[in-house]
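Below is one structure, written out as structure tokens; the observations come after it.
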Amino acid sequence: MDSPSNHSDKLAQLRAQLGELDVEILALVARRQTIVTEIGHSKGSLGIPTRDYGQERDVIQRAREKAETMGLTPNLAEELMLLLIRASLAAQERDRVQEWGGGNGRKVLLIGGAGKMGIWLARFLASQNFDVEIADPTEAAGDFPQIPNWEDSPLDQDIIIVATPLRLSNKILEELARRKPKGIVFDIGSLKTPVRPGLNALIDAGVAVTSVHPMFGPNTEMLSGRHVIFVDVGAPEATRQARDLFASTMVAQVEMDLESHDRLIAYILGLSHALNIAFFTALAESGEDAPRLAQLSSTTFDAQLEVARLVAGDNPQMYYEIQSLNDYGTEALSALRDAVERIQSVVGEGDLEAFVSMMQRGKDYLAGVGQTPDTGT
């Protein structure tokens, strides 16, 4: 019979072998990334888009089929290939942005650039060879030149971006209208009606102004599958120049009017944020032990918990502004309240038919939005 020491030695040997295999896997990934970079350069030379959905499908299908012959689950192979594809696309996109270098040393002033999204924009624009300066009383991350007060700037930049909280953004836009900078001006606020007075003042002052809403957070590395909304407020050339900033990326560009933007955002952001805030508030006030809930969680609960955790860890001021400053926000919150009350009523009355009808209506509606994942039980 093997002694415990023999088992211990065997375990140590197996772990050492596993460590060596991990290094080999990483080396293969690095080699793959090198080839990916070369492919990206070739695509750029040929004018071919970075993303090829047909090729991605073929890669995944090939991996699934090969996995079965190796005794691996096809789903494992697919998840692994999707991870590698995302990493490849991110690398190709970064290279393309840097190669484009469309900034050509043009100057950018980022007002409020010490915030998370401001820093993302600073790095994004600097990678395109823009000369970025940050105006913010808070010290910003990175090596960007910085001044504490934007009003001390001569405003001779080619682009001025306002990346501050919404109430402050409007005041800044109105002050910029009085100073009439020569370059294009745009905000990146999540709502547009609160900054309407400032935008209108800039238009009246003859300033090239537009409004932009990046529909992603500051941790975003790859823009494929992401959206940036452009709201033309009466200066189409300014909107065109703002769109050009993202031309070398894989981001989906969407143009819409100001009213449509805020009406849709009431549901896209306001409703989804409120739902998650209600979810974690209900849990926090339930009296249930959080670790025990985690032990007994389901697939659906885990997915919802992860989104709620991200919302809870984000900027409360920004979330409050999205809820309180949107002229259409009450409509979405009322819809959420009515939906919860309807569920409570249907369940309380034991009305299975009505409950099934609600589920079916939701299924039919979501079929037009996109595929829904298997949520388990």
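- Nearest heavy-atom pair across Arg167 and Ser324 is NH2-OG, 4.5 Å.
- Here the side chain of Asp314 pairs no donor or acceptor atom with the backbone of Leu310 at under 3.5 angstrom.
- Smallest separation of non-hydrogen atoms from Ile147 and Ser153: CD1-CB, 3.9 Å.
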Between Asp158 and Val108, does a side chain to side chain contact (heavy atoms under 4.5 Å, CB included) hold up when you go through it step by step?
-> CA-CA 6 Å; Asp158 300 281; Val108 175; over 6 Å; no

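- Taken together through direct or relayed side-chain contacts under 4.5 Å among Ile, Leu, Val, Met, Phe, Trp and Tyr, Leu191 and Val231 form part of one hydrophobic cluster.
- Proximity of Pro218 to Ile119: side-chain heavy atoms (C-beta onward) are nowhere separated by under 4.5 Å.
- Taking the side chain as every heavy atom from C-beta outward, Val228 and Leu245 never approach each other to under 4.5 Å.
- In this structure, the separation between CG on Leu155 and NZ on Lys180 is 13.5 Å, given to the nearest 0.5 Å.
- For the ring pair (Phe, Tyr, Trp, His ring centres under 6.0 Å) condition, the pairs that include at least one residue of residues 234-265, sequence neighbours left out, are Phe124-Phe246, His213-His261.
- A salt bridge is defined here as a Lys NZ or Arg NE, NH1 or NH2 lying under 4.0 Å from an Asp or Glu carboxylate O, and Arg106 with Asp131 fails to meet this definition.
- Counting only N and O atoms by type, the side chains of Asp257 and Ser260 include a donor and acceptor under 3.5 Å apart.
- Shown here for Ala208 and Ala235, the closest heavy-atom pair between the two residues is CA-CB, 4.4 Å.
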Please assess Leu258 against Thr193 for the test side chain to side chain contact (heavy atoms under 4.5 Å, CB included), listing each intermediate value before the final yes or no.
-> CA-CA 7 Å; Leu258 186 146; Thr193 48; 3.5 Å; yes

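- At least one donor-acceptor pair closer than 3.5 Å links the side chain of Trp120 to the backbone N or O of Thr220.
- For the residue pair Glu285 / Thr281, no side-chain donor-acceptor distance below 3.5 Å is found, with atom types taken as modelled.
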Lys182 and Asp156: salt bridge (charged side-chain N to carboxylate O under 4.0 Å, His left out), yes or no, with the steps?
-> CA-CA 7 Å; Lys182 67 170 187 177; Asp156 58 351; over 6 Å; no

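- Distance alone, capped at 3.5 Å, is enough to place a donor-acceptor pair between the Arg179 side chain and the Glu151 backbone.
- The residues Arg86 and Glu221 are annotated as not salt-bridged, no charged nitrogen and carboxylate oxygen being separated by less than 4.0 angstrom.
- Around the CZ atom of Phe301, the shell of radius 6.0 Å holds more than 12 heavy atoms that belong to other residues, nucleotides or ligands.
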Could you please spell out the steps behind the side chain to side chain contact (heavy atoms under 4.5 Å, CB included) verdict for Val207 and Leu176?
-> CA-CA 9 Å; Val207 178; Leu176 286 170; over 6 Å; no

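- Residues Lys10 and Arg15 are not in side-chain contact: their nearest non-hydrogen atoms beyond the backbone lie 4.5 Å or more apart.
- Atom CE in Met250 sits 7.5 Å away from atom CG in Leu223 (nearest 0.5 Å).
- Summarising the geometry of Glu331 relative to Tyr267, their closest heavy-atom pair is OE2-OH, 2.9 Å, with the distance given to 0.1 Å.
- Side chain of Asp187 to backbone of Ser211: no donor-acceptor contact under 3.5 angstrom is found.
- Criterion: ILVMFWY side-chain heavy atoms under 4.5 Å apart, direct or through other members. Under it, Leu109 and Leu173 are part of a common hydrophobic cluster.
- Taken from CG in Asn104 to CZ in Phe130, the straight-line distance is 8.0 Å, to the nearest 0.5 Å.
- The shortest distance between side-chain heavy atoms of Pro181 and Val185 falls below 4.5 Å.
- With hydrogens and angles ignored, the 3.5 Å screen pairs a side-chain donor or acceptor of Asn326 with a backbone N or O of Asp262.
- Inspection of the Gln360 and Asp364 side chains reveals an N or O donor paired with an N or O acceptor under 3.5 Å.
- In this structure a side-chain-to-backbone donor-acceptor pair under 3.5 Å is present from Gln146 to Thr138.
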Applying side-chain hydrogen bond (donor to acceptor under 3.5 Å, both in side chains), run through Thr37 and Gln33 and close with a yes or a no.
-> CA-CA 6 Å; Thr37 299; Gln33 288 295 89; over 6 Å; no

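- Follow the hydrophobic side-chain contacts under 4.5 Å out from Leu269 and you reach Met318 in the same cluster.
- Judged as a salt bridge (charged side-chain N to carboxylate O under 4.0 Å, His left out), the pairs with a partner in residues 64-73 (not counting sequence neighbours) are, in order, Arg64-Glu78.
- When all heavy atoms of Gly112 and Thr164 are compared, the closest pair comes out as CA-CG2, 3.7 Å.
- The side-chain heavy atoms of Val132 and Arg123, taken from C-beta on, include no pair separated by under 4.5 Å.
- Grouping the Ile, Leu, Val, Met, Phe, Trp and Tyr side chains by contacts below 4.5 angstrom, directly or via other members, places Ile111 apart from Leu121.
- Contact check for Glu79 versus Leu82: no side-chain heavy atoms found under the 4.5 Å cut-off.
- For residues 226-239, the salt bridge (charged side-chain N to carboxylate O under 4.0 Å, His left out) pairs, not counting sequence neighbours, are Glu237-Arg240.
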For side chain to side chain contact (heavy atoms under 4.5 Å, CB included), just list the numbers for Leu84 and Arg32, CA-CA rounded to whole Å, side-chain angles, deciding distance to a tenth of an Å, and then say yes or no.
-> CA-CA 9 Å; Leu84 291 173; Arg32 189 182 194 278; 3.9 Å; yes

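- Within the model, atoms OG of Ser169 and CZ of Phe186 stand 12.0 Å from one another, a figure rounded to the nearest 0.5 Å.
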Could you give me the CA-CA distance, side-chain angles and deciding distance for Glu255 and Arg243, then say whether salt bridge (charged side-chain N to carboxylate O under 4.0 Å, His left out) is met?
-> CA-CA 10 Å; Glu255 273 202 52; Arg243 294 186 64 158; 2.6 Å; yes

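- Residues Gln323 and Gly270 come closest through the heavy atom pair NE2-O, 2.8 Å.
- Between Ile172 and Leu168, the closest side-chain pair of non-hydrogen atoms falls below 4.5 Å.
- A donor-acceptor contact shorter than 3.5 Å is absent between the side chain of Gln157 and the backbone of Gly183.
- One finds the CG atom of Leu199 at 7.5 Å from the NZ atom of Lys192 (value rounded to the nearest 0.5 Å).
- Of the possible polar contacts, none joining the Asp244 side chain to the Ala247 backbone as a donor-acceptor pair under 3.5 Å is found.
- Heavy atoms from other residues, nucleotides or ligands lying under 6.0 Å from CD of Glu341 number more than 12.
- Counting only heavy atoms from C-beta outward, the side chains of Asn149 and Asp152 approach each other to under 4.5 Å.
- Proximity of a side-chain donor or acceptor of Glu133 to a complementary backbone N or O of Leu110 within less than 3.5 Å is not detected.
- Here Arg31 does not pair with Glu24 in a salt bridge; the nearest charged N to carboxylate O distance is not below 4.0 Å.
- For the pair Glu321 (side chain) and Leu166 (backbone), a donor-acceptor distance under 3.5 Å is present.
- When hydrophobic clusters are built by joining Ile, Leu, Val, Met, Phe, Trp and Tyr residues whose side-chain heavy atoms come closer than 4.5 Å, directly or via intermediates, Leu271 is not grouped with Leu264.
- For the atom pair CZ (Phe216) and NE2 (His227), the distance works out to 11.5 Å, reported to the nearest 0.5 Å.
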